[in-house]
Amino acid sequence: MNQVKEIKIGFYIGIGIYALVVELVGIFFSEDILAYTLGLAFGVFIAVFLFGHMAKTLDYALDLQEKDATKYVRFQSFLRLMIMLAALTIGLATEQLHFITVVLGVLGLKIGALFAPFILRRLYPDSYITKEEDMVEE
């Protein structure tokens, strides 16, 4: 398996673990469990979509000239920001979605990025780019 697929898998697993933890903790504190769960699911869906879009954007941009790649990546980043704002606006406007969990779900994009190296190190110990012993300063 190539490194891009490995990174995607680690990222998606990180988002999934984060979403599961948020769901399990939130069920005990939420008054409307359905809105809580739907909001989180919507936010996580947006996070997964945004990560997939980001990966495709970077893959495509690597084949372009520097000037064209810069313009392309900037436009796609702006597009992702608009999608995120639209998702948050939908979360605010819809009673069936709990807004805070929509925000928490979208934040799964960032949390997935934090979890991915730890997950990848465990899933692919032989092919992981940075070994743990390389990270320890002497």
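What's counted below: heavy atoms across the whole structure, side chains too, no hydrogens, waters or symmetry copies. Just so we're clear, the structure is a prediction, and the values are computed from it rather than from any experiment.
Criterion: ILVMFWY side-chain heavy atoms under 4.5 Å apart, direct or through other members. Under it, Leu34 and Ile100 are part of a common hydrophobic cluster. Val106 and Ile90 fall within the same hydrophobic cluster, defined by Ile, Leu, Val, Met, Phe, Trp and Tyr side-chain heavy atoms under 4.5 Å apart, directly or through other members. Leu97 and Ile33 sit in two unconnected hydrophobic clusters of ILVMFWY residues. Membership requires side-chain heavy atoms under 4.5 Å apart, directly or through other members. Cluster membership for Tyr36 and Leu107, using ILVMFWY side-chain heavy atoms within less than 4.5 angstrom, is shared. Cluster annotation: Leu92 is connected to Phe45 through the hydrophobic network of ILVMFWY side chains, with a link wherever side-chain heavy atoms come within less than 4.5 Å.
Of all heavy-atom pairs between Ala69 and Ala61, the closest is CB-O, 3.5 Å. Pairing each heavy atom of Ala87 with each of Phe42, the nearest pair is O-CE2, 3.5 Å. Taking all atoms of both residues into account, the shortest heavy-atom contact from Lys8 to Ala55 is CE-CB, 3.7 Å. Taking both residues in full, the closest heavy atoms of Ala47 and Gly108 are given as CB-C, 4.4 Å, listed atom of the first, atom of the second, then distance.
For the side chain to side chain contact (heavy atoms under 4.5 Å, CB included) test, residues two or more places apart in sequence or in another chain that qualify with Ile119 are Ile13, Ile17, Phe115, Leu123.
A donor-acceptor contact closer than 3.5 angstrom links the side chains of Ser77 and Arg80.
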Trace of the side chain to side chain contact (heavy atoms under 4.5 Å, CB included) decision for Met84 with Leu50:
CA-CA 8 Å; Met84 192 181 319; Leu50 292 174; 3.9 Å; yes
Audit row: His53, Leu79, side chain to side chain contact (heavy atoms under 4.5 Å, CB included) steps and yes/no
CA-CA 10 Å; His53 183 265; Leu79 183 62; 4.0 Å; yes
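Taking OG1 of Thr101 as the reference point, atom CG of Asp32 lies at 9.5 Å (rounded to 0.5 Å). Rounded to the nearest 0.5 angstrom, Thr89 OG1 and Met82 CE are separated by 9.5 Å. Taking NZ of Lys71 as the start and CD of Gln65 as the end, the distance is 13.0 Å to the nearest 0.5 Å. We find the OG-CG distance between Ser30 and Leu40 to be 10.5 Å, quoted to the nearest 0.5 Å. We find the CE-OG1 distance between Met54 and Thr57 to be 8.0 Å, quoted to the nearest 0.5 Å.
Ring planes of Phe51 and Phe11: parallel class, angle under 30° (limits at 30 and 60°).
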Show me the donor-acceptor pairs, under 3.5 Å and distance only, between side chains in residues 18-28 and residues at least two apart or in other chains.
{"from": "Tyr18", "atom 1": "OH", "to": "Leu104", "atom 2": "O", "distance (Å)": "2.8"}
{"from": "Glu23", "atom 1": "OE2", "to": "Thr37", "atom 2": "OG1", "distance (Å)": "2.7"}

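With a 6.0 Å radius and a threshold of 12 heavy atoms from other residues, nucleotides or ligands, Tyr60 has its OH atom at or below the threshold. Enclosure of atom OH in Tyr12 by more than 12 non-hydrogen atoms of other residues, nucleotides or ligands within 6.0 angstrom is indicated.
Side-chain contact between Thr94 and Phe99 is absent, with no heavy atoms from C-beta onward closer than 4.5 Å.
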